[in-house]
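Step one of this worksheet: look at the structure below.
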Amino acid sequence: MNNSKNSIPLIKKLGKLLSDLYSNGTKDVRSIITMVVLNRIENTAPLQECLSEELKKAWEHSLKYKGKEVKPEKIKKRSSLMSKALEYQNQQGK
């Protein structure tokens with residue numbers, strides 16, 4: 001975008017969209033917004049004025065992870081009564 005006057009409404013729309021998505025999103029959506037989208041922005045000053053306080057705070061905390069590799073959370077295996085019964089049945093069949 002060549003003209004900064006034309007980009008101001010777009011920056012405001014982006015800030016509102018990201019703030020709304022962050023406040024209504026799951027943990028995965030929140031981490032994508034902070035770690036992937038916001039940490040890739042070089043000129044942050046215009047966008048920071050348009051973000052919610054909650055998102056600004058999260059962005060500030062996510063900056064310490066910028067450039068570092070973060071492993072995803074491992075999914076815990078559920079152990080229900082039905083799965084235990086099926087496992088027991090399979091062991092008895094062998």
Side-chain angles (χ1 to χ4, degrees):
M1 291 183 203
N2 297 342
N3 194 347
S4 63
K5 288 183 181 181
N6 291 337
S7 65
I8 292 173
L10 293 175
I11 292 172
K12 286 183 180 181
K13 279 185 181 181
L14 178 64
K16 182 168 177 14
L17 175 68
L18 289 174
S19 295
D20 290 345
L21 288 173
Y22 186 84
S23 65
N24 296 323
T26 62
K27 286 183 180 180
D28 290 333
V29 171
R30 288 177 171 216
S31 65
I32 290 170
I33 290 171
T34 55
M35 301 298 289
V36 178
V37 177
L38 294 179
N39 279 347
R40 298 285 184 201
I41 296 174
E42 293 179 12
N43 186 8
T44 61
L47 184 60
Q48 279 194 349
E49 297 171 4
C50 305
L51 298 177
S52 67
E53 290 301 317
E54 180 184 25
L55 185 51
K56 284 181 191 177
K57 195 175 204 178
W59 188 5
E60 182 180 315
H61 291 290
S62 73
L63 288 174
K64 66 182 173 183
Y65 294 104
K66 190 173 185 174
K68 295 183 181 178
E69 186 175 328
V70 180
K71 294 181 181 179
E73 182 179 341
K74 291 183 179 179
I75 299 174
K76 295 179 181 177
K77 185 177 178 181
R78 290 186 181 178
S79 182
S80 67
L81 180 63
M82 186 62 112
S83 66
K84 287 180 183 178
L86 289 172
E87 187 177 315
Y88 178 75
Q89 185 180 10
N90 286 337
Q91 289 177 353
Q92 294 300 320
K94 291 182 179 178

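On a predicted model such as this, the values are computed, not experimentally measured, just so you know. Excluded from the calculations below are hydrogen atoms, water molecules and symmetry mates; all remaining heavy atoms, backbone and side chain alike, are included.
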Next item on the list: Give a yes or no on whether I33 and L63 share a hydrophobic cluster (residues Ile, Leu, Val, Met, Phe, Trp, Tyr; joining criterion: side-chain heavy atoms under 4.5 Å apart).
Entry: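 Same hydrophobic cluster.
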Next item on the list: Determine, using the 4.5 Å side-chain heavy-atom cutoff (strictly less than), whether L18 and V29 are members of one ILVMFWY cluster.
Entry: yes
Can you give the donor-acceptor pairs under 3.5 Å from side chains of residues 43-53 to other protein atoms, not counting sequence neighbours?
{"unit_1": "S52", "atom_1": "OG", "unit_2": "L55", "atom_2": "N", "d": "3.3"}
{"unit_1": "E53", "atom_1": "OE2", "unit_2": "K56", "atom_2": "NZ", "d": "3.4"}

Next item on the list: Could you grab the distance from atom CG of L17 to atom NZ of K12, nearest 0.5 Å is fine?
Entry: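 Here the interatomic distance stands at 16.0 Å.
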Note to self: According to salt bridge (charged side-chain N to carboxylate O under 4.0 Å, His left out), does anything in residues 27-43 pair up with another residue at least two apart or in another chain? List the pairs.
What the structure shows: R30-E54
Next item on the list: Look only at the side chain of S62 and the backbone of W59, and say whether a donor-acceptor pair between them is shorter than 3.5 Å.
Entry: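 Judged by distance alone, yes, a pair lies under 3.5 Å.
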Notebook entry, point to check: Less than 4.5 Å apart, any side-chain heavy atom of L14 and any of L10?
Noted result: no
Check: Within a strict 4.5 Å, meaning less than it, do heavy atoms of the T34 and N39 side chains meet?
Finding: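 T34 vs N39: side chains apart.
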Checklist line | Contact summary for V37 and I41, nearest pair of heavy atoms | finding: O-CG1, 3.6 Å
